[in-house]
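In the text below, chain A, chain B and the rest are named by the order of the sequence lines, each starting its count at 1. No hydrogens, no waters, no symmetry mates; every other heavy atom, side chains included, goes into these values. Bear in mind that the values here come from a model prediction, so they are computed numbers and not experimental data.
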Amino acid sequence: MQISIDQQASVTVVSVTGSLDALTADALADALAAEVRAGRTRIVASLAGLEYTSSAGLRVLLATVKDARQRGGDLRLAEVQERVRRVLDLSGFTSVLKCFPDLPSAVASYPA
Amino acid sequence: MRATAPSPPAEPGPDWPAPAGTRLYRPRAARADLAAVRAHVAAGARAAGLDAAGRDALVLAADEVCANVVLHAYADAPGPLTVDVAAAPDGGCTCTIVDAGPPFDPAGVRPAPADDTPLAARPVGGLGWHLVRQSVDALRYARVGAHNVVVLERRAAGAAPSTRR
């Protein structure tokens, strides 16, 4: 699982590729927590390359959404693959997390 | 010296699937084994003829069960994990997961919150078994001697109506 972080104006884009499971989710948790702690709370997770997630990945996303929103920010998702979308739907997370079909619209969804 | 895989415990009853199909065995299962579990279940599900959605569902369920084994049953000390994948006679696929941890019955797990639970009220954990139940047509558990045996069943698409909620 690979993570890369890119700043686009006031929005932090965290790109995740590979698979999220109980082994790899901790690294994502640490990376996202570091961004939030640093005050970068307007986050987009770019998931075009994320092929799989289990509940371990969902827990990280949910914890980050709560954390970011408590600080006036958010975590939004872009380019979610169908398999991952299905798991988000099963968990009820699609009613909680905003998903966008492409990265530019996710980034633009934050007010300038 | 190559360790031989132990036999799974004797079947708890006549309606349990016989240990068969392909086996993955880890004597000291850890989180790093989950990717291998997924690959193993995916291959067995494909051989059993499940379609992509069925394979994905069974792989997810197996991952969740095995993650729980590794993280909870073996939190203090690693232990053995056996994952058997077999074709079912009706075109579906069965995955039998055996561990030697303390007794753990999935029926005792508190259900996940409803979809409209406000964000602040949602616990950050507790999703794993919810995903398992949503992904399989049947989930069975038995305590056999010193082992937990979880059986996941995914029927072929178009088979008899499933009990999935």
Joint cluster assignment, A:Leu47 & A:Val13, ILVMFWY side-chain distance < 4.5 Å: no
Neighbour count >12 (heavy atoms, 6.0 Å) for atom CD, A:Gln2: no
Toward chain B, the part of A:Ser19 with a non-hydrogen atom under 4.5 Å: side chain
Residues A:Glu82, B:Asp56; criterion side-chain contact (heavy atoms from CB on, under 4.5 Å); working and verdict: CA-CA 11 Å; A:Glu82 193 186 317; B:Asp56 286 351; over 6 Å; no
Spacing of A:Leu58 atom CG and B:His130 atom NE2 [to the nearest 0.5 Å]: 10.0 Å
Pick from B:Leu71, B:Asp33, B:Leu131 with the largest number of heavy-atom pairs that fall under 4.5 Å of chain A: B:Leu131
Single-linkage hydrophobic cluster, 4.5 Å side-chain cutoff, A:Val107 and A:Val14 together: no
Shared hydrophobic cluster for B:Leu34 and A:Met1 (ILVMFWY, side-chain gaps under 4.5 Å): no
Inter-residue atom distance B:Gln134.CD - A:Arg86.CZ, 0.5 Å rounding: 13.5 Å
Nearest atoms (heavy-atom pairs only) where B:Ala35 meets A:Asp21: N-OD2, 4.2 Å
Proximal component of A:Thr24, with respect to chain B [non-hydrogen, under 4.5 Å]: neither
Same cluster (ILVMFWY, side-chain, under 4.5 Å), B:Leu58 and B:Val83: yes
B:Leu60 versus chain A, the contacting section by heavy-atom distance below 4.5 Å: both
Considering all heavy atoms, the nearest A:Ala22-B:Ala67 contact: CB-CB, 4.1 Å
Non-hydrogen atoms of B:Glu64 and A:Ser54 that approach each other most closely: OE2-CB, 3.2 Å
Beyond-backbone contact of A:Arg83 with B:Val59, side-chain heavy atoms, under 4.5 angstrom: no
Verify same cluster id: B:Leu127, A:Leu77 (apolar side-chain graph, 4.5 Å): yes
Exceeds 12 heavy-atom contacts within 6.0 angstrom, atom CZ of B:Arg28: no
Exercise: identify the closest heavy-atom pair between B:Ala32 and A:Leu23: CA-CD2, 3.9 Å
